[in-house]
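A short worksheet on the structure shown next.
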Amino acid sequence: MTAPALATAALDETAVALPVQEPARVARDSRPLRLITCGSVDDGKSTLIGRLLWDTKAVKEDQAASLQRDSKGKQNDLGLPDFALLLDGLQAEREQGITIDVAYRYFSTDKRSFIVADTPGHEQYTRNMATGASTADLAVLLVDARVGLLEQTRRHATIATLMGIRQFVLAVNKIDLTNYDRSRFEQISHEFKELALSLGVRQVTAIPVSALKGENVVYDGRAAMPWYEGPTLIEVLELATTRSAQTVGFRLPVQRVSRPGESFRGYQGTVAGGSVKPGDSVVILPSGMVANVTKIVTFDLVRNAAVAGDAVTLVFDRQVDVSRGDMIVAIDSQPMTGLAFDAQLVALQAEGIQPGKRYWLKSGSRRQRVQVQPINQLDLQSGKWNHADELPMNAIGKVHLAFDEQAIFDAYEQNRTTGAFILIDPDTNNTVAGGMITAKRATLGGIHAEDSRVILSLPADLADQLMATEIFSSRREDAEVRRVTAARAIEIIDTIDE
């Protein structure tokens with residue numbers, strides 16, 4: 001045996017066995033992130049999501065084989081399959097090469113799971129995009145690096161903002177086709193961030209990507225873009241926040257009254273906001289009766305608390321009149337109640353929304369008669385609200401809702417579950433619109449009158465800070481902003497009679 005071999009054997013005899021260190025477990029966020037992708041036609045939305053699915057190993061072997069087979073004749077210069085086929089499931093989509101319907105896909109990493117919606121880019125499918133955005137926590141807006149921002153970019157950003165999304169990722173796609181031009185990326189990023197600020201959105205992450213090559217999607221693209229030091233798309237998604245139902249107090253829309261025997265009466269539903277525990281005082285709306293929670297029961301155990309998303313049965317300390325459609329709420333944080341509300345909605349059917357027509361409004365388990373009066377329609381090209389007497393299909397509009405009996409809502413910005421609704425045509429039973437409550441409608445004029453306006457002249461940086469506030473973004477559609485020079489601002493104000 002050689003000297004080195006003898007030395008190795010001696011070390012083996014005297015070596016102390018060290019415990020094997022397991023790799024540190026990555027903390028996993030149990031809440032799935034819901035996101036949408038939106039952009040103009042041919043910006044690569046479906047390809048981007050297909051690449052996400054492919055690189056996160058969410059594509060099964062049989063799907064991969066089918067993808068390779070369906071991609072014959074469509075493979076690119078890199079010999080890669082057509083990733084968009086993972087999303088475009090309708091035959092019409094595959095034939096035209098465009099996305100028509102909203103495609104939902106699921107994937108996950110070691111840190112989080114995701115639900116992604118690929119939404120159409122065409123204007124005639126606005127209702128489909130609004131549907132996908134209504135449940136999303138984050139929007140990924142794609143822009144072709146060669147083309148830059150388009151009118152559709154403004155339209156999609158506006159719709160996403162109206163649906164309550166406050167986290168944007170700007171994916172400047174096809175950056176490889178500009179020879180990885182850094183100045184082009186920075187120019188597009190700057191323009192989009194200005195647009196986002198005007199909509200009241202401050203959280204924007206811009207990323208240069210090549211969806212086809214997979215650069216800065218799941219794997220970093222530093223080899224091709226050493227100038228970019230920011231996160232990849234998947235890293236941003238893993239750290240994004242979900243919309244919380246904790247901005248309001250406890251909410252439980254009653255789905256069923258449970259009476260399995262004479263000795264038990266419970267009120268069942270899924271918690272739509274806040275939390276509750278035994279001993280808490282609650283109010284039943286619309287009756288206004290007060291009770292105390294004595295027990296929280298699920299199908300197999302008694303709970304000491306319930307939070308948003310839990311399906312539970314509440315037991316009270318007294319007999320109260322509760323029916324399906326009622327809402328059990330925190331006594332110190334109650335929703336809005338009334339007969340008149342302001343709302344925004346998206347028309348979903350060819351007949352649109354007719355002025356003064358009576359519909360069924362369904363919100364949670366509650367269904368009520370309502371009269372709808374269109375007020376304004378959003379011009380998706382300019383971002384302005386114009387007067388409207390009716391709303392055609394795909395239109396986004398503001399309406400007044402007039403109820404026959406007491407209605408119960410939170411503002412959609414505060415709670416998506418108790419602030420959202422659908423309208424049903426009583427003649428056809430078709431769902432004709434999806435909507436969001438913005439406020440309880442005041443019946444008096446005065447300070448809230450429409451003809452009362454204030455003109456301000458502010459430095460540009462201060463105006464940007466003001467427009468980025470939550471209170472401004474919630475009333476963005478009521479304001480008109482013009483950027484002019486200081487001299488021009490003085491001229492305009494001097495021409496106004498006091």
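It should be emphasised that the depicted structure is a prediction, and the values quoted were computed from it without experimental measurement. Count residues from 1 along the sequence.
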Exercise. Does the pair Arg105 and Leu53 meet the rule for a side-chain contact (heavy atoms from CB on, under 4.5 Å), with working shown?
Worked result: CA-CA 8 Å; Arg105 293 295 182 270; Leu53 298 175; 4.0 Å; yes
Exercise. Is there side-chain contact between Ile424 and Tyr359, with at least one heavy-atom pair below 4.5 Å?
Worked result: no
Problem set entry | Check ion pair Arg441-Asp342 (N to O, under 4.0 angstrom) | yes
For this session: Could you walk me through whether Arg154 and Gln152 pass the side chain to side chain donor-acceptor pair (under 3.5 Å) test, one step at a time?
Result: CA-CA 5 Å; Arg154 167 179 284 278; Gln152 283 179 306; over 6 Å; no
Exercise. Taking side chain as C-beta onward, heavy atoms only, is Leu149 less than 4.5 Å from Phe192?
Worked result: yes
Exercise. Considering only heavy atoms from C-beta outward, does the side chain of Asp379 approach that of Asn386 to under 4.5 Å?
Worked result: yes
Exercise. Which is it for Thr431 and Leu423 under the side-chain contact (heavy atoms from CB on, under 4.5 Å) test, yes or no, and what are the steps along the way?
Worked result: CA-CA 6 Å; Thr431 300; Leu423 292 180; over 6 Å; no
Problem set entry | Working for salt bridge (Lys or Arg N to Asp or Glu O under 4.0 Å), residues Arg166 and Glu413 | CA-CA 11 Å; Arg166 293 295 180 266; Glu413 277 286 327; 3.0 Å; yes
For this session: Evaluate the side-chain proximity of Leu199 to Thr158: yes if any heavy-atom separation is below 4.5 Å, no if none is.
Result: yes
Problem set entry | Full working for side-chain contact (heavy atoms from CB on, under 4.5 Å) between Thr161 and Phe168 | CA-CA 9 Å; Thr161 304; Phe168 283 176; 3.6 Å; yes
Problem set entry | Sole residue of Leu361, Asp404, Val399 in side chain to side chain contact (heavy atoms under 4.5 Å, CB included) with Val370 | Leu361
For this session: Give the minimum heavy-atom separation between Ile36 and Gly132, together with the two atoms involved.
Result: CG2-O, 3.2 Å
For this session: Applying side-chain contact (heavy atoms from CB on, under 4.5 Å), run through Met393 and Ile353 and close with a yes or a no.
Result: CA-CA 8 Å; Met393 184 173 73; Ile353 301 299; over 6 Å; no
Exercise. With Phe107, which residues qualify under ring pair (Phe, Tyr, Trp, His ring centres under 6.0 Å), at least two apart?
Worked result: Phe114
Exercise. Are the side chains of Met327 and Leu252 in touch, meaning some heavy atoms are under 4.5 Å apart?
Worked result: no
Problem set entry | Derivation of the salt bridge (Lys or Arg N to Asp or Glu O under 4.0 Å) call for Asp410 and Arg416 | CA-CA 8 Å; Asp410 286 298; Arg416 284 190 176 187; over 6 Å; no
Exercise. For Pro355 and Glu390, which heavy atoms make the closest approach, and how far apart are they?
Worked result: CD-CB, 3.9 Å
Exercise. Does the side chain of Gln406 come within less than 4.5 Å of Leu339's, by heavy atoms?
Worked result: yes
Exercise. Within a strict 4.5 Å, meaning less than it, do heavy atoms of the Ile437 and Phe421 side chains meet?
Worked result: yes
Problem set entry | Minimal non-hydrogen separation, Ser365 against Val254, with atom names | OG-O, 2.7 Å
Exercise. For Gly434 and Leu348, which heavy atoms make the closest approach, and how far apart are they?
Worked result: N-CD1, 3.8 Å
Exercise. Do Leu285 and Thr337 come close enough that some side-chain heavy atom pair is under 4.5 Å?
Worked result: yes
For this session: Describe, in one word, how the ring planes of Phe409 and Phe403 are oriented to each other, choosing from parallel (under 30°), tilted (30 to 60°) and perpendicular (over 60°).
Result: tilted
For this session: For side chain to side chain donor-acceptor pair (under 3.5 Å), just list the numbers for Asn376 and His387, CA-CA rounded to whole Å, side-chain angles, deciding distance to a tenth of an Å, and then say yes or no.
Result: CA-CA 4 Å; Asn376 298 108; His387 175 74; 4.9 Å; no
